[in-house]
Participant: 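Dumping the structure here so I can ask a few things about it.
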Amino acid sequence: MQQEDKLKLVISHAKEYGFVFPSSEIYDGLSAAYDYGQLGVELKNNIKNYWWTAMTRMHQNIVGLDSSIFMHPTTWKASGHVDAFNDPLIDNKDSKKRYRADVLLEDYMAKSEAKIQKEIDKAKNKFGEAFNEEQFRATNPNVLRSQAKIDDVQAKMKAALESSDLIALKNLIDECEIACPESGSRNWTEVRQFNLMFKTELGAVSGDAGIIYLRPETAQGIFVNFLNVQKTGRMKLPFGIAQIGKAFRNEIIARQFIFRMREFEQMEMQFFCKPGTEMEWYNYWKNARIAWHNALGMGEENYKFHDHLKLAHYANAACDIEFNFPMGFKELEGIHSRTDFDLSKHEEFSGKKLRYFDPETNESFVPYVVETSIGLDRMFLAVLSNAYRTEMVPGKEGEEGAERTVLSIHPALAPVKVAILPLVKKDGLPEKAKEIVDLLKYDFNLQYDDKDAVGRRYRRQDAIGTPYCITVDNETLEDNTVTIRDRDTMLQERVAIDALHGMIAQKVSLSRLLNQG
Ligand code: ATP
């Protein structure tokens with residue numbers, strides 16, 4: 001299956017089964033905004049809970065916070081977002097379409113790369129076994145010419161972006177003769193910086209004085225509360241503050257489903273430590289975070305660390321954890337060593353000291369910070385797309401096999417943990433099944449289903465990732481046993497009703513997952 005096709009299947013499956021709906025769909029939707037449905041919200045909550053517990057309860061020195069979305073506007077001056085949280089934009093005067101200048105150039109280079117690949121494929125066909133790609137790349141004049149152009153554009157773009165030279169960016173677009181994909185014309189405006197923060201007005205105050213922003217990241221809420229938490233919680237360095245919350249970015253090109261939205265949720269943790277120890281903690285968090293991901297069993301080969309070559313001005317080390325999404329390897333989480341940049345800036349702009357007093361050395365200093373920042377929606381997409389598969393199920397003797405769609409979500413994250421299915425809707429089986437519902441409903445999110453043949457009910461549960469189905473049959477009435485079916489192996493086991501609670505609790509246990517991470 002083509003990777004992009006898989007994304008389409010995942011999107012339609014997510015909609016069909018109540019995981020994710022386009023926002024305000026009855027009004028034809030709003031681009032890059034999505035709503036989480038009845039199963040989506042459960043999955044999302046389970047991911048949050050896994051992260052929150054791993055961060056806070058598993059670390060005695062990490063506490064939580066829930067800061068407000070609106071913050072004093074000076075926060076964003078201090079953090080650099082007002083001046084530097086920008087994308088370079090260019091408009092085509094004929095189509096009136098707006099593009100990110102760097103994305104136009106990236107697309108141009110990708111096209112040249114595709115041309116090179118075409119030459120290589122042609123030669124491969126021609127020379128067969130004897131073909132040596134390395135040698136071909138090093139000698140073929142067409143390939144050399146295209147590669148030289150790519151390298152040149154890459155170098156010029158990097159220099160222009162680093163020095164915020166918008167004229168150079170525009171010149172490069174002209175030099176490459178890039179045309180608008182919509183109108184085909186090269187009638188471009190100048191390149192302008194576009195700030196990604198959403199602005200609104202506070203109360204009745206209008207004009208610049210009342211401008212307030214929707215936060216573009218949750219981290220600043222943690223920084224401005226650093227001393228509040230440290231003092232009231234009597235926290236000693238090193239310690240961390242974790243937060244889950246909404247963030248807003250006016251992304252120009254928001255696409256790829258919930259991967260890039262204008263309103264999304266982040267799970268961020270800022271870890272405050274002594275200057276000089278930050279690299280040790282940076283490495284600690286790199287290991288801890290990848291272990292958290294790997295415990296889910298989504299395939300270690302599906303994760304990659306990508307070290308940032310060009311560091312943001314405030315960082316002294318940074319990397320991304322990339323995941324193999326249906327669109328390829330893309331950023332899922334960032335781990336950044338942010339030095340004392342944020343706290344120092346807030347000291348400067350607020351005039352208040354944000355220092356830690358070390359009782360052992362009698363010194364006070366601005367701590368260094370290592371941040372881990374993961375997009376909850378991206379994690380949701382990672383879990384859902386990794387879990388989605390279709391497969392043939394062999395039929396019983398003499399019967400044809402059938403296709404099933406199954407979401408193999410880790411049982412601890414699965415939105416519904418158990419389905420209770422009376423085999424038939426008579427003979428007292430529904431009543432017995434409801435007794436089991438009452439036994440389990442306090443601790444597990446479950447579904448009761450008595451419609452259609454049991455095989456179809458299994459398929460419905462497979463499609464939403466329910467790890468266990470309990471079937472109540474006539475034997476149940478005699479000996480108080482039921483069958484429990486495993487979603488992945490489809491094997492059934494007969495167990496006593498009395499043993500059900502303990503058995504399911506063990507199978508869907510979050511603590512088992514946390515112990516692996
Ligand atoms: P990208 O390069 O993809 O724009 P970023 O480097 O700007 O991401 P960060 O500022 O490091 O992202 O934010 C931390 C995390 O928040 C990212 O790793 C990602 O998981 C998530 N995130 C960022 N922007 C979006 C978005 N528009 N929609 C959904 N999640 C996002």
Side-chain angles (χ1 to χ4, degrees), residues 7 11 14 20 22-23 30-36 40 44 47-48 51 55 76 79-81 84-89 100 102-103 106 161 194-198 213-223 242-270 282 285-286 289-290 292-293 302-315 317-325 327-338 341-342 369-385:
L7 182 62
I11 295 171
V20 183
S23 157
L30 177 71
S31 84
Y34 289 90
D35 298 339
Y36 287 83
K44 211 175 173 196
I47 296 173
K48 280 191 210 178
W51 184 86
M55 282 299 179
W76 306 109
S79 68
H81 284 81
F85 197 49
N86 297 319
D87 274 348
L89 290 191
R100 257 173 67 177
D102 55 330
V103 171
E106 297 275 1
L161 287 175
F194 177 82
N195 194 287
L196 296 183
M197 282 197 294
F198 280 100
Y213 301 97
L214 297 187
R215 66 181 177 198
E217 61 177 28
T218 58
Q220 300 304 324
I222 296 180
F223 293 129
Q243 164 154 246
I244 300 177
K246 290 258 179 170
F248 304 83
R249 295 181 188 177
N250 202 357
E251 301 274 5
I252 308 312
I253 307 167
R255 58 180 174 201
Q256 291 168 329
F257 192 37
I258 53 174
F259 181 83
R260 188 177 299 287
M261 296 194 287
R262 299 203 169 94
E263 172 183 344
F264 57 100
E265 230 166 320
Q266 291 186 313
M267 306 192 284
E268 296 199 299
M269 193 278 302
Q270 310 295 325
Y282 174 71
W285 283 110
K286 271 177 80 170
R289 294 304 304 144
I290 198 72
W292 182 89
H293 286 285
N302 288 323
Y303 297 88
K304 262 202 305 223
F305 275 113
H306 172 252
D307 290 320
H308 290 198
L309 296 177
K310 177 182 172 274
L311 293 173
H313 54 287
Y314 53 78
C319 69
D320 298 332
I321 295 179
E322 294 186 340
F323 183 74
N324 190 8
F325 287 98
M327 317 78 78
F329 276 93
K330 299 232 178 264
E331 174 177 344
L332 168 61
E333 171 158 9
I335 301 165
H336 312 123
S337 173
R338 297 177 73 120
F341 175 82
D342 302 270
V369 172
V370 175
E371 155 185 89
T372 72
S373 171
I374 173 169
L376 174 55
D377 312 87
R378 286 194 190 174
M379 186 62 198
F380 185 104
L381 181 59
V383 170
L384 197 66
S385 59

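Along the sequence shown, the residues carry numbers beginning at 1. Atoms within each ligand, like the ligands themselves, are counted from 1 in listed order.
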Participant: Is the ring centre of Phe259 less than 6.0 Å from the ring centre of Phe325?
Facilitator: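 Ring centroids of Phe259 and Phe325 are less than 6.0 Å from each other.
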Participant: N/O of Gly375 under 3.5 Å from N/O of ligand 1, yes or no?
Facilitator: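 Yes, Gly375 has an N/O under 3.5 Å of an N/O on ligand 1.
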Participant: Please compare His336, Arg249, Glu333 and report which has the shortest non-hydrogen distance to atom 9 (P) of ligand 1.
Facilitator: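 That would be Arg249.
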Participant: Taking the six-membered ring for Trp and the single ring otherwise, decide whether the centroids of Phe248 and Tyr213 are under 6.0 Å apart.
Facilitator: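 No: the rings miss the under 6.0 Å criterion.
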Participant: Considering Arg262, Glu265, Gln266 one by one, which has a heavy atom nearer to atom 16 (O) of ligand 1 than any of the others?
Facilitator: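 Heavy atom nearest to atom 16 (O) of ligand 1 belongs to Gln266.
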Participant: Is there a polar contact between ligand 1 and Met261, counting only N or O atoms under 3.5 Å apart?
Facilitator: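 Yes: some nitrogen or oxygen of Met261 is under 3.5 Å from one in ligand 1.
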Participant: N/O to N/O below 3.5 Å, does that happen between Arg378 and ligand 1?
Facilitator: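 Yes; the residue has a nitrogen or oxygen that sits under 3.5 Å from a nitrogen or oxygen of the ligand.
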Participant: Counting only heavy atoms closer than 4.0 Å, does ligand 1 sit against the backbone of Asp320, its side chain, both, or neither?
Facilitator: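 Looking at Asp320 and ligand 1, no heavy atom falls under 4.0 Å.
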Participant: Looking at Lys48 and Glu265, does any basic side-chain N land under 4.0 Å from a carboxylate oxygen?
Facilitator: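 Yes, Lys48 and Glu265 are salt-bridged.
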Participant: Can you tell me which residue among Glu268, Glu333, Gln270, His336 is in a side chain to side chain donor-acceptor pair (under 3.5 Å) with Ser373?
Facilitator: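 Going through the options one by one, the only one that passes is Glu268.
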Participant: When you compare ligand 1 with Arg260, is there at least one nitrogen or oxygen pair between them that comes in under 3.5 angstrom?
Facilitator: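 N/O-N/O distance under 3.5 Å: yes.
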Participant: Is there a polar contact between ligand 1 and Ile374, counting only N or O atoms under 3.5 Å apart?
Facilitator: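 No, since none of the N or O atoms of Ile374 sits under 3.5 Å from an N or O of ligand 1.
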